[in-house]
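Positions are given from 1, in the same order as the sequence printed here. Since this is a predicted model, take the numbers as computed values, not measurements.
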Amino acid sequence: MTGQLNIYCKNTEEYIPVDGGETLLEIYERIKDKIALKPICAHVNNKTEDLHFPVYKPNMVEFLDLNSPSGMRVYVRSLCMVLYKAVLDVCPAMKLRMRHSISNGYYAQIVDNEGKEFIPSEAVVTQIKQQMHNIVDADIPFLRRQKLTRDVREIFVQAGLDDKVELLDTSDEIYSVYYTLGDTPDSYYGNLAPSSGSLQVFDLVKYHNGMLLLGPDPKQPGKAKRCIMQDKMLMAFDDYLQFNEVVGITNVADLNRAVVDGNTSMLINVAEALHDAKFAHIADEIASRYKQGNARIVLIAGPSSSGKTTSSRRLAIQLMINRIIPKVISLDNYFVDREATPVDENGEYDYESLYALDLDLFNNDLRRLIAGEEVEMPTYDFASGRRVFKGDKMRLGNNNVLLIEGIHGLNPELTAQIPEEQKFRLYVSALTTLTIDDHNWVPTTDNRLLRRIIRDHKYRGTDALKTIARWPSVRRGEEKWIFPFQENADATFNSSLLFELGVMKDYAVPLLRKVPRNTPEFAEAVRLLTFLGYFLPISESQIPSTSLLREFLGGSSFHY
């Protein structure tokens, strides 16, 4: 004991005397009758820490459970380590690869020591799931350890974690953190749960050539999420994973090695060429349908910062190469008058709601345009909150299609009165296929958030604090209005670029460092800074002006 001190507990709104060196878990056990939750981690001075964190000085502490984003991330990371240990126990000659999030869960594959894919049977998946339950029932602690990087490297060499060895080889850190679960070492770019016994709720199911790890459902406490099949999304991911294999960039260590070897220019050129090829393919498909008298309306949808605007511009160019001239309609001009706009749970106008749009007028105008009529197009006056008509008229000629960008493009209700054959739906999202290592994937959401932080600062004068604070609301809107309709797409365009996180690092880090420590958003800023710390910076000088990434960095040849 080093003497008594006080911490301030936000959960109980009181100061609590503690002995220096007590862990957060020990403190919680003393005051748990006053706290109406079972924590899995905590914020200490607005920074996420695991419950084994020792307190040596006065701190502000908030215990967190699964209802917090930090708590859910800790839970899922910890489940991944339990899955890794279970795979080692059931298939000792195999390796686990966590690929990406999909279908309400996290797609995992098993490979042999040469990297050849092993397709598990239902029986093997059931065995692994049962072993996960055994590990949870054993309530084994996750122990956080820190040693010289060279010593951690040797631990990973002995464990056959070659991907983590390669990542450490591109790091200049003197000390590195790793965890142990029993005699199994591993590393994650965030904190883990206090013990495996904290992870009672999960599921593991066979999914295509691998497995789907499902975490708790926030809407149904005590139950795991349910798998929702997303075959089109999986095909889009697989397509890019194959591309990664071809160019030899599958994880951050590969990307960092390309930086050190001076190969980023070629990587950028190849990644940009892939985007060109994808846009050309989608335009060819639209043109083929158009020539059959169909696909007069192209609907482009996607979540925030997915690059919808640049995608629309580049698709328009490819359509013109096919001798099809797009005409653009903005959904914003079909907002209902302000007093008729739906409100959200906070009583504020919900402009992201489908019902903020005049669907009848929109569909009527589309029907008339397809029929060859001239239509006077509305304009929404945001100052007055009213729709006005300024004499702007549109007619579709024999070589025109309508290009409509908006978050509701995949929702059948948006164009319910339009025949299906007249619509082509394109889903745009940054489906990040790069991984940090075999057990740590790069969340698509993090990629988009970093894009938005940079864009908001550059074009809207908004600091990272406000963007991070707004992000949960943005995500709720996506979960409600975009993600349920992803599989309705006729084509999916992956707007991510293999090199972009290395480029965005120099832009994002100074902005994240300005987030004040005395704000709740500080925890998210620290997490993103830790994440970016794995990447070596890449110069933007080789990025062309037509690159989708220019939508966020600036320097684009397109006007937004």
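Side-chain atoms of Asp163 and Asn251 form no donor-acceptor pair, as typed in the model, at a separation below 3.5 Å. Inspection of the Arg338 and Tyr351 side chains reveals an N or O donor paired with an N or O acceptor under 3.5 Å. A donor-acceptor pair shorter than 3.5 Å can be found between the side chains of Thr467 and Asp456.
Between Lys423 and Glu420, at least one side-chain nitrogen of the basic residue sits less than 4.0 Å from a carboxylate oxygen of the acidic one, meeting the salt-bridge criterion. Between Lys164 and Asp186, at least one side-chain N (NZ, or NE/NH1/NH2) sits under 4.0 Å from a carboxylate O, which counts as a salt bridge. Electrostatic pairing of Asp169 and Arg257 does not count as a salt bridge here, judged by no charged N lying under 4.0 Å from a carboxylate O.
Tyr380 and Phe382 have perpendicular rings, their planes meeting at more than 60° on a 0 to 90° scale where under 30° would count as parallel. Aromatic ring orientation, Tyr189 versus Phe531: tilted (interplanar angle from 30° to 60°).
Separation of the Phe279 and Phe493 ring centroids falls under the 6.0 Å cut-off.
The number of heavy-atom neighbours closer than 6.0 Å to NZ of Lys466, taken from other residues, nucleotides and ligands shown, is 12 or below. Within a 6.0 Å sphere centred on CE of Met235, other residues, nucleotides and ligands contribute 12 heavy atoms or fewer. For CE of Met320, the number of neighbouring non-hydrogen atoms (other residues, nucleotides, ligands) closer than 6.0 Å is greater than 12.
Leu410 contributes atom CG, which lies 10.0 Å from atom OG1 of Thr415 (distance to the nearest 0.5 angstrom).
Residues Ile468 and Thr519 fail the side-chain proximity criterion, which asks for heavy atoms closer than 4.5 Å.
The shortest non-hydrogen separation linking Tyr349 to Thr341 is CD2-CB, 3.7 Å.
Listed by first then second residue, pairs satisfying salt bridge (charged side-chain N to carboxylate O under 4.0 Å, His left out) with a partner in residues 354-363 read Asp358-Arg387, not counting sequence neighbours. Sorted by first and then second residue, the pairs that involve residues 436-470 and meet ring pair (Phe, Tyr, Trp, His ring centres under 6.0 Å), not counting sequence neighbours, are Tyr84-His439, Tyr106-Trp441.
Judged by a 6.0 Å distance limit and a 45° cone about the ring axis, Lys278 is not positioned over the six-membered ring of Phe243.
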